[in-house]
Q: 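This is the structure, below, for whatever I ask next.
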Amino acid sequence: MDDEIPKIAIAIDDLTVAYNYKPVLWDIDLQIPEGVLMAIVGPNGAGKSTLLKSILDIIKPLAGSVTVYGKPYKKQRDLVAYVPQKGSVDWDFPTTALDVVMMGTYGSLGWIKRPGQKEKKLALEALEKVGMLPFQNRQISQLSGGQQQRIFLARALVQNAAIYFMDEPFQGVDATTEKAIIQILKELRKAGKTVIVVHHDLQTVPEYFDWVTFLNVKKIATGPVAQIFNDDNLTKTYGINYKTSITEGKL
Amino acid sequence: MTSAQLEIQIILSLVAIACALPGVFLVLRKMALISDAISHSILPGIVIGFFMTQDLASPMLILMATLTGVLTVVLVEYIQKTGLVKEDTAIGLVFPSLFSVGVILIARNAGDVHLDVDAVLLGEVAFAPFDRWVYNGTDMGPKSLWMIGTILSVTICLLVLFYKELKVATFDAGLAASLGFTPIGIHYGLMTISSVTTVGAFDAIGAVLVVAFMIVPAACVYLLTTNLKKLLLGASLVGVFASVTGYWLAHAIDASIAGTIATVLGLIFFLVYLFAPGKGYFSQWYKIKQQKTEVAMLVFMLHIANHEEEKERNINHLQEHINWSQQRAKKVVKLAMQNNMIEIENEIISLTAKGLEFTTKAVSYISDNKNSELEGIKQKFFLFRG
């Protein structure tokens with residue numbers, strides 16, 4: 001049944017977010033179908049991270065609503081894993097790689113209950129998947145940028161969610177890590193998960209993703225990469241003529 | 001040692017632990033300054049509580065002071081959110097205002113009782129054993145011992161219960177929020193505990209030195225460990241050690257106990273800063289020196305690999321070509337020799353098989369992995385670093 005209408009994983013309705021008087025996101029309507037690997041692209045200050053944070057109930061919107069599989073996020077936390085920007089945390093924090101990955105299990109544990117052997121096993125499996133098992137006892141500041149990002153990814157994998165949100169996972173990582181991460185994201189999609197990534201490198205969008213949302217305070221376009229990733233939408237989003245730069249790889 | 005002396009040391013040690021535990025999280029959250037603000041701005045709360053009960057060890061003092069402590073945090077955050085000033089300025093605006101209200105209240109009303117600005121700022125633990133709790137005619141011990149003991153017990157209980165939540169909210173507030181752990185609630189919980197502890201401690205060591213008790217032990221052990229549990233335990237131990245040492249130092253030189261303890265804490269930090277393995281001054285100095293030599297060796301080997309012509313590879317002309325001092329050139333050549341990276345024949349340097357492999361790998365590694373460090377490849381080849 002190829003023509004079956006896909007389920008909607010995330011539905012955003014008239015979402016407006018403002019810091020004081022300045023709108024950061026304006027009247028966003030967006031439906032993200034289940035099972036896509038989607039990039040959110042847009043210039044700096046377009047509200048990409050803010051969009052993720054509003055979906056995850058970290059930022060309260062001024063207006064509008066977000067539902068995850070038809071229900072408010074608060075009731076669907078178990079279905080969602082979030083990878084914040086690597087730079088948003090202090091990597092000098094006194095803890096190990098394994099411990100950070102274990103934090104992914106805290107959500108299912110709930111308040112007060114401590115992680116035990118079962119959680120440790122899950123964390124070790126996730127570390128193995130991202131190729132970081134040998135570094136499990138390393139203090140996190142002694143990991144390279146790419147390794148830190150892998151740890152963050154492993155922490156999200158541990159949550160075994162249906163929907164994964166990632167804020168610029170390729171920021172400041174080496175080529176090997178970038179390939180390893182995209183490999184894992186593609187595996188997640190194959191397993192029927194929905195993956196939503198804030199992405200910066202326009203050149204890799206067609207190669208990495210099958211769905212894309214153009215964002216610049218307002219939603220410019222959303223849909224399959226093959227249909228809507230074109231000069232017209234790029235120009236509308238970034239306000240520059242991207243025709244030559246994209247085709248000649250000068251970005 | 002008299003029983004009064006023992007009691008003083010126990011009180012000081014409990015205060016030290018009660019301060020060190022929330023202090024660790026304040027340091028990790030980069031909120032050390034907030035503890036300074038709280039320790040000052042609880043003064044009006046203490047004064048109002050004292051007027052209501054006329055008793056310095058009354059729970060009402062703790063309640064009122066905690067309220068003003070939390071009020072400080074709320075006001076600082078409110079001012080900061082207006083976007084008109086930055087956080088440090090907001091702190092600087094709030095706590096002197098509240099503190100001065102306390103000073104005025106004391107000056108106007110409490111001239112004839114045991115509550116003056118000096119006592120609040122500096123404390124006097126030496127008097128603690130005289131103010132005893134007598135229950136049904138039985139001496140239960142100093143009141144302040146009971147007070148700080150209760151506060152410490154509550155702190156430890158909360159820490160054990162909410163360790164996981166505190167850790168994740170401190171490390172990654174975004175994740176904590178998405179998991180439903182309300183980082184704001186945890187933040188205010190920590191602020192409340194810090195306020196309560198400050199009140200409990202001020203009677204013994206004074207409001208100003210509470211800051212030293214909260215921040216210095218945490219900062220010392222932060223340089224020594226990469227494990228949060230050890231950090232909490234270590235900070236408590238440093239606090240207790242400084243308390244006991246400081247007490248006997250004060251005894252020996254007949255000085256203020258709080259003053260000597262804070263001085264001991266300062267000295268401990270200075271020593272740790274100098275000698276801590278890894279993060280300490282000497283350790284860093286040694287590391288940077290080694291890194292310089294390592295990079296120099298890589299540059300040198302690339303030079304040898306890049307040049308076929310013998311005049312570029314002559315050991316005696318090395319310094320003109322790479323423009324290094326003789327001493328540096330010698331050191332680098334020696335290091336490369338030690339690692340079997342080069343061989344010298346008739347004063348001409350050439351790379352060994354191992355040297356060639358290293359150079360090729362290092363070059364490709366650098367060009368492929370712009371953002372990661374040479375860590376992996378270094379461990380494979382370098383023999384001289386532990």
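Chain naming here is simple, since letters A, B, ... match the order of the sequence lines and numbering starts at 1 in each.
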Q: Count the heavy-atom pairs under 4.5 Å between each of B:Val168, B:Thr225, B:Leu231 and chain A, then report the option with the highest count.
A: B:Val168

Q: Compare every heavy atom of B:Ala177 with every heavy atom of A:Arg77, then report the nearest pair and how far apart it is.
A: NH1-O, 3.4 Å

Q: Looking only at heavy atoms, which of residues 148-167 of chain A get nearer than 4.5 Å to chain B?
A: A:Phe152, A:Arg155, A:Gln159

Q: Check whether B:Glu87 reaches the backbone of B:Glu77 with its side chain - one donor and one acceptor, N or O, closer than 3.5 Å.
A: no

Q: Could you tell me if the side chain of B:Leu21 sits less than 4.5 Å from the side chain of B:Ser236, heavy atoms only?
A: yes

Q: Heavy-atom pairs under 4.5 Å with chain B - which of A:Lys53, A:Lys113, A:Glu178 has more of them than the others?
A: A:Lys113

Q: Among B:Tyr163, B:Phe162, B:Phe171, which residue forms the greatest number of heavy-atom pairs with chain A at distances under 4.5 Å?
A: B:Phe171

Q: Mind ranking A:Val83, A:Leu56, A:Ile58 by heavy-atom pairs under 4.5 Å with chain B and telling me who comes out on top?
A: A:Ile58

Q: Specify the closest pair of heavy atoms between A:Ala126 and A:Val101, including all atoms of both residues, with the distance to one decimal.
A: CB-CG1, 4.2 Å

Q: Of all heavy-atom pairs between B:Ala16 and B:Phe213, which one has the smallest distance, and what is that distance?
A: CA-CD2, 3.4 Å

Q: Among the options A:Thr95, A:Asp90, A:Thr96, A:Val100, pick out the one with the most heavy-atom pairs lying under 4.5 Å from chain B.
A: A:Asp90

Q: Looking at B:Tyr222, I'd like to know if the NZ or CZ of B:Lys279 sits under 6.0 Å from its six-membered ring centre while staying within 45 degrees of the ring's axis.
A: yes

Q: Could you tell me which portion of B:Asn227 (side chain, backbone, both or neither) has an atom closer than 4.5 angstrom to a non-hydrogen atom of chain A?
A: backbone

Q: Side chains of A:Ile182 and A:Phe170, heavy atoms from C-beta outward: is any pair under 4.5 Å?
A: yes

Q: Please report the closest heavy-atom contact between B:Ala235 and B:Pro217, naming both atoms and the distance.
A: O-CB, 3.3 Å

